[in-house]
Asks: 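Take this structure, written in structure tokens, and hold onto it; I'll ask about it next.
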Amino acid sequence: MNVIEKRDFIHSHLHQADENTINEFYEKLRKTEVLKAKLKARAIKSEKDIRSGKVLSRAEIEENTDHIGQS
């Protein structure tokens with residue numbers, strides 16, 4: 001079944017779904033939208049940082065991450 005067929009199936013059966021199913025579907029879609037918004041905001045901030053020269057060299061990144069994973 002392709003995506004269009006799946007959408008049509010969901011749409012045609014949505015009115016039969018119980019509240020729990022609707023709530024699960026709603027939360028899944030809402031979380032996806034929240035994630036998209038966060039990623040977009042991060043990308044915009046990163047682009048601004050790059051344009052303004054707020055970047056680290058490879059050596060600085062390595063120095064900042066040397067301790068990660070060490071106990």
Side-chain angles (χ1 to χ4, degrees):
M1 193 180 272
N2 67 33
V3 173
I4 293 171
E5 292 169 329
K6 289 176 185 177
R7 281 187 188 131
D8 287 344
F9 179 85
I10 290 168
H11 189 264
S12 67
H13 289 81
L14 202 53
H15 68 281
Q16 297 170 351
D18 63 11
E19 187 175 357
N20 288 336
T21 302
I22 296 294
N23 288 341
E24 288 175 26
F25 193 55
Y26 171 79
E27 285 302 316
K28 175 73 174 163
L29 292 173
R30 190 185 63 77
K31 286 178 183 177
T32 300
E33 290 301 312
V34 168
L35 178 59
K36 282 182 189 178
K38 285 181 181 180
L39 291 175
K40 183 176 180 179
R42 245 189 197 171
I44 291 168
K45 182 184 180 306
S46 295
E47 288 292 329
K48 287 179 184 177
D49 287 345
I50 291 168
R51 278 191 228 105
S52 67
K54 293 181 184 176
V55 295
L56 298 174
S57 69
R58 181 179 179 96
E60 290 170 316
I61 292 170
E62 289 174 357
E63 183 180 314
N64 291 343
T65 58
D66 277 344
H67 65 282
I68 294 177
Q70 297 174 356
S71 298

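Quick caveat, the model's predicted, so the values are computed rather than measured.
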Asks: Between CD1 of I10 and CD of E5, what distance do you get to the nearest 0.5 Å?
Replies: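 Rounded to the nearest 0.5 Å, the CD1-CD separation comes out at 12.0 Å.
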Asks: Ignoring hydrogens and geometry beyond distance, is a side-chain donor-acceptor pair present between D18 and T21 at under 3.5 Å?
Replies: yes
Asks: What heavy-atom pair brings K6 and M1 nearest, and what distance separates the two atoms?
Replies: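 Minimum heavy-atom separation between K6 and M1: CE-O, 3.3 Å.
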Asks: Over all heavy atoms of both residues, which pair between L14 and I22 is shortest? Give the atoms and the distance, please.
Replies: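 That closest heavy-atom pairing would be CD1-CD1, 3.8 Å.
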Asks: Let's go through E27 and R30 carefully: what are the C-alpha distance in whole Å and the side-chain angles of both, what is the deciding distance for salt bridge (Lys or Arg N to Asp or Glu O under 4.0 Å) to 0.1 Å, and is it a yes or a no?
Replies: CA-CA 5 Å; E27 285 302 316; R30 190 185 63 77; 2.8 Å; yes
Asks: Once rounded to the nearest 0.5 Å, what's the spacing between atom CZ of R7 and atom OG of S12?
Replies: 14.0 Å
Asks: About how many Å separate CD of E62 and CZ of R58, when rounded to the nearest 0.5 Å?
Replies: 4.5 Å
Asks: Above 12 or not: heavy atoms from other molecules or residues under 6.0 Å from CD of E19?
Replies: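 No, the 6.0 Å shell around CD holds no more than 12 heavy atoms from other groups.
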Asks: Surrounding CG of L39 (heavy atoms of other residues, nucleotides or ligands, distance under 6.0 Å), is the total greater than 12?
Replies: yes
Asks: Do K28 and E24 meet the salt-bridge criterion of a basic N to acidic O distance under 4.0 Å?
Replies: no
Asks: With distance as the sole test, does T65 use its side chain to make a donor-acceptor pair with the main-chain N or O of I68 at under 3.5 Å?
Replies: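 Looks like no, no N/O pair under 3.5 Å.
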